[in-house]
Amino acid sequence: MPYGKSNFKVIQVTPTLDTSEYIDGDILFDRTEITDAVIGLGGCSKLVSVAVTNKQGDITPMTIFFQQADRSMGTANAAMDVTAGTLGHAKMLGYVEAPTDSWVDMGSTCLFSVKTDENVSSLPLMLQSKDDSTSLYFWARVSGTETFADGDLTFVFGVEYK
């Protein structure tokens, strides 16, 4: 077993958020590191689940992007305008949609979990780190108008190591 007693690991990441109002299409947060997303330098793993906890309590549709390189994708809380060159340098790996109907409203908190039984799922997604790293990076684009406190969103990634 490559990681402790299991081939799986759950990694939780809470990105830094801007506290001003976001509008539809804004970058929610710039690239944020997922440490130990793979085993060994340049390793590969499989992303098998994604969940998001929103402590703010609103359903927040978004798109979550994954990339190999520590490359900025733009300014948080500004319109997304990513060039082909930036995408190439970031070494994009894929994305996961978090549409409105995939969130569960729990009162003062909302929870998103990828629906793997639908054709809209992008999972599993292969994750490959750069040759000198075990980390990957992710960022998100918001759909709709939202305001957050820093720390409102926690992303939970289920990773399978082989």
Side-chain angles (χ1 to χ4, degrees), residues 10-35 37-38 45-130 133 135-159:
V10 173
I11 303 170
Q12 296 189 26
V13 182
T14 302
T16 301
L17 300 175
D18 187 292
T19 57
S20 302
E21 184 179 67
Y22 291 84
I23 60 171
D24 188 46
D26 279 354
I27 293 177
L28 186 54
F29 54 89
D30 196 10
R31 86 320 198 158
T32 299
E33 186 174 17
I34 306 171
T35 58
V38 301
S45 64
K46 188 188 307 184
L47 182 66
V48 295
S49 68
V50 176
V52 183
T53 301
N54 183 347
K55 296 174 197 153
Q56 174 227 27
D58 284 345
I59 291 173
T60 307
M62 66 180 75
T63 305
I64 306 160
F65 299 89
F66 299 88
Q67 64 192 56
Q68 279 184 333
D70 183 5
R71 176 76 177 209
S72 176
M73 300 309 281
T75 303
N77 207 350
M80 186 170 83
D81 185 20
V82 179
T83 67
T86 300
L87 284 179
H89 287 104
K91 302 189 183 307
M92 297 302 296
L93 299 168
Y95 67 92
V96 172
E97 292 284 347
T100 301
D101 64 351
S102 293
W103 287 83
V104 174
D105 187 345
M106 302 170 77
S108 61
T109 302
C110 289
L111 178 65
F112 159 77
S113 188
V114 172
K115 295 181 178 180
T116 57
D117 60 339
E118 296 180 7
N119 292 332
V120 297
S121 174
S122 335
L123 295 181
L125 178 66
M126 298 307 293
L127 303 176
Q128 175 86 45
S129 70
K130 289 178 59 179
S133 179
S135 292
L136 295 167
Y137 298 86
F138 77 109
W139 55 284
R141 176 188 67 201
V142 69
S143 298
T145 303
E146 296 290 341
T147 304
F148 299 96
D150 190 27
D152 272 351
L153 299 177
T154 298
F155 292 77
V156 182
F157 304 111
V159 179

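FYI, the numbering just counts along the sequence from 1. Bear in mind that the values here come from a model prediction, so they are computed numbers and not experimental data. Side-chain atoms are counted along with the backbone in the values below, which use heavy atoms only and exclude waters and symmetry mates.
- Shortest non-hydrogen contact noted between Pro61 and Ile59 is CD-O, 3.6 Å.
- Closest non-hydrogen pair, Met62 versus Ala140, comes out as SD-CB, 4.3 Å.
- Between Phe29 and Phe148, the distance separating the two ring centers is not shorter than 6.0 angstrom.
- Annotation: the span from Gln67 atom CD to Lys91 atom NZ amounts to 11.0 Å, rounded to 0.5 Å.
- Using modelled atom types and a 3.5 Å distance limit, the side chains of Thr154 and Gln12 yield no donor-acceptor pair.
- Taking a 6.0 Å sphere around CE of Met106, one finds it holds 12 or fewer heavy atoms contributed by other residues, nucleotides or ligands.
- Within the model, atoms OG1 of Thr32 and CG of Leu136 stand 12.5 Å from one another, a figure rounded to the nearest 0.5 Å.
- Within a 6.0 Å sphere centred on CG of Leu87, heavy atoms belonging to other residues, nucleotides or ligands number more than 12.
- Of the candidates Val10, Ile11, Ile34, Val159 forms a side chain to side chain contact (heavy atoms under 4.5 Å, CB included) with just one, namely Ile11.
- Judged by distance alone, with hydrogens and angles left aside, the side-chain atoms of Ser135 form no donor-acceptor pair with the main-chain N or O of Ser133 at under 3.5 Å.
- The distance from atom CE of Met80 to atom CZ of Phe65, rounded to the nearest 0.5 Å, is 4.5 Å.
- The heavy-atom pair separating Ser45 from Ala37 by the smallest distance is OG-O, 2.7 Å.
- When all heavy atoms are compared, the tightest approach of Leu28 to Tyr22 is O-OH, 2.8 Å.
- Rounding to the nearest 0.5 Å places OG1 of Thr145 at 5.5 Å from CD of Glu21.
- The CG atom of Asp26 sits 11.5 Å away from the CD atom of Glu146 when rounded to the nearest 0.5 Å.
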(request) Determine, step by step, whether Leu123 and Val48 satisfy the side-chain contact (heavy atoms from CB on, under 4.5 Å) criterion, reporting the C-alpha distance in whole Å, the side-chain angles of both residues, the deciding distance to 0.1 Å, and the verdict. (result) CA-CA 6 Å; Leu123 295 181; Val48 295; over 6 Å; no
(message) Is there a side chain to side chain donor-acceptor pair (under 3.5 Å) between Ser20 and Asp18? Walk through the geometry before answering.
(response) CA-CA 6 Å; Ser20 302; Asp18 187 292; 3.2 Å; yes
(request) Determine, step by step, whether Phe157 and Leu127 satisfy the side-chain contact (heavy atoms from CB on, under 4.5 Å) criterion, reporting the C-alpha distance in whole Å, the side-chain angles of both residues, the deciding distance to 0.1 Å, and the verdict. (result) CA-CA 12 Å; Phe157 304 111; Leu127 303 176; over 6 Å; no
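- The aromatic rings of Phe112 and Trp103 are tilted relative to each other, their planes meeting at an angle between 30° and 60°.
- Summarising the geometry of Leu111 relative to Ala51, their closest heavy-atom pair is CD1-CB, 4.5 Å, with the distance given to 0.1 Å.
- Proximity of a side-chain donor or acceptor of Gln68 to a complementary backbone N or O of Gln128 within less than 3.5 Å is detected.
- Here the side chain of Tyr137 pairs no donor or acceptor atom with the backbone of Arg71 at under 3.5 angstrom.
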(request) Would you please test Phe138 and Leu47 for side-chain contact (heavy atoms from CB on, under 4.5 Å) and show each step? (result) CA-CA 12 Å; Phe138 77 109; Leu47 182 66; over 6 Å; no
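- In this structure a side-chain-to-backbone donor-acceptor pair under 3.5 Å is missing from Asn54 to Leu153.
- For the atom pair CD1 of Ile27 and CZ of Arg141, the computed distance is 9.5 Å after rounding to the nearest 0.5 Å.
- In this structure, the side chain of Asp30 engages the main chain of Met73 through a donor-acceptor pair within 3.5 Å.
- Remark: the backbone N or O of Ala149 is not paired with any side-chain donor or acceptor of Gln56 at under 3.5 angstrom.
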